[in-house]
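Down below is the structure, laid out as structure tokens.
Please read all numbers here as calculations on a predicted model, not as lab measurements. First listed ligand is number 1; within each ligand, the first listed atom is number 1.
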Amino acid sequence: MINLSIRELNQLLAKKQISTAELSSVYLDRCRQFNPSLNALLHINNDINPEDLLTANQIDGLLSGIPIIHKDLFSTQGVTTTAGSKMLADYAPPFDATVVSRLSQAGMMSLGKANMDEFAMGSSNEYSYFGAVKNPWDLKRVPGGSSGGSAAAVAARLTPVATASDTGGSIRQPAAFCGITGIKPSYGRVSRYGMIAFASSLDQGGVMAVSADDCGLVLEAMMGHDDKDSTSIKTEAWQWQAPQQPSMKGLKVGVIPGWVEQLKDDDIKRSTEQALKTLTEQGAELIEVDLPHADLAVAAYYILAPAEASANLARFDGVRFGHQTSQQCDNINAMYRKTRSEGFGDEVQRRIMLGTWALSSGYYDDYYCKAQRIRRLISEDFKQAFSQVDVMAVPVSPEVAFKQGDKSDGVNMYQADQFTIPASLAGLPCLSMPVQPAKGLPVGLQLIGPYFDEQVILSTAAQFQMVTDFHKQMPEAFV
Ligand code: GLN
């Protein structure tokens with residue numbers, strides 16, 4: 001049961017072979033059993049209201065009755081929403097994020113909230129105030145970040161689907177490290193209303209699931225214009241059309257050989273090349289493309305994202321939002337300082353300082369403006385590449401899931417985002433799908449599409465998954 005697709009689960013529900021109560025309790029039992037070893041969840045919805053459970057006659061639509069876990073960045077009415085921070089440890093929002101309300105309108109059952117790096121800053125999930133998340137494939141390794149809780153939960157099948165967010169790689173990299181499928185849609189495709197902000201020009205909500213088909217079904221229900229988010233785009237929403245058979249004839253796939261060469265291990269290189277070969281065996285044509293400015297992406301991102309974060313996080317001052325120090329303070333500035341030093345972890349404080357500095361007069365032109373120019377050049381590079389190809393296939397991460405504590409030097413951790421950040425800066429849709437594992441650990445391949453073309457990446461991944469079964473592999477300890 002736990003390895004069934006959404007379509008298969010829907011069939012069981014519709015044919016009354018299982019009830020929504022039974023289905024949710026299968027997964028809730030797994031949450032209770034396995035979360036102590038993974039720390040993937042911050043909240044388990046132990047008392048799903050029986051009135052919320054659907055009866056078989058109410059199963060209309062593929063998502064009706066399907067369980068889901070939300071990243072703790074998405075506001076859930078009356079349910080604690082922490083963003084992985086002490087600052088919001090006691091915050092229960094009075095409203096649902098648009099993503100949450102759309103999915104619950106589609107009938108999905110929320111089982112709980114997923115752990116994450118504090119305010120979505122990080123690539124390992126070691127920066128959560130509530131403790132690190134473990135990778136189900138090897139508990140000594142990180143699940144990736146910042147959506148590591150969502151990724152570990154799907155990989156260990158505590159849920160068939162989870163929501164997640166991606167600012168510079170936080171859906172793709174943990175999906176790759178945990179051997180699941182995760183899509184970050186185009187910037188503006190999914191409403192950010194009620195999704196706690198990190199870097200507003202980059203943040204985008206998305207989905208993690210076992211397969212591309214499952215991701216397509218859930219994304220279809222959560223995307224689309226929202227009056228409450230002025231950056232959500234008013235284009236036609238699309239309907240997910242799952243491909244009926246693998247046929248990539250005529251599909252032009254852009255590859256960057258220089259990126260594959262930068263992979264840190266021959267096994268990962270082999271897995272990546274093997275996956276590209278599978279695409280050609282299905283009829284795709286590989287075409288070499290170049291993103292000449294992509295080498296500057298990490299440097300530009302770590303100016304722009306902290307700059308935006310420093311502004312977004314100013315509201316957490318103990319008065320308007322968040323934790324307030326209980327210490328006696330002589331004046332309001334001392335109170336702000338104590339509150340923010342207590343409420344934010346080290347990485348968040350580092351970024352607030354970096355961002356404030358990059359935006360300060362005298363440095364603004366040298367850093368922030370220059371980073372914006374680089375961002376534009378990278379977008380132009382992609383435009384050029386997509387004038388030659390339909391989709392790009394590149395690595396997600398230079399290495400497999402690393403051991404906890406291995407990247408305690410922040411810059412080392414930043415560098416690990418080198419293959420995910422370029423598409424984020426350009427706002428493009430991208431996903432990670434599992435390919436041949438390397439030394440028993442999952443490896444992902446990243447597909448990037450032109451702006452607003454989520455379908456080409458989902459459909460390519462779905463076709464790849466028709467002829468491979470890497471996405472169905474599960475970590476042994478959780479079978
Ligand atoms: N690892 C990147 C960072 O730390 C990306 C995080 C994200 O996408 N939320 O900023």
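- Closer than 4.0 angstrom to ligand 1 lie heavy atoms from Ala120, Met121, Gly122, Ser123, Ser146, Asp166, Thr167, Gly168, Gly169, Ser170, Phe198, Tyr301, Tyr302, Arg351, Asp417.
- Remark: Arg141 pairs with Asp138 by the salt bridge (Lys or Arg N to Asp or Glu O under 4.0 Å) rule, at least two apart or across chains.
- The backbone N or O of Gly345 lies less than 3.5 Å from a partner atom in the side chain of Glu118, making a donor-acceptor pair.
- Applying the salt bridge (Lys or Arg N to Asp or Glu O under 4.0 Å) rule to pairs touching residues 383-403 yields Lys264-Glu399, Glu380-Lys383, Glu399-Lys407, sequence neighbours excluded.
- Residues Asp227 and His225 bring a donor and an acceptor atom of their side chains to less than 3.5 Å of each other.
- Screening residues 159-169 for salt bridge (Lys or Arg N to Asp or Glu O under 4.0 Å), with sequence neighbours left out, gives Asp166-Arg172.
- Ring geometry for Tyr91 versus Phe321: interplanar angle over 60°, hence perpendicular rather than tilted (30 to 60°).
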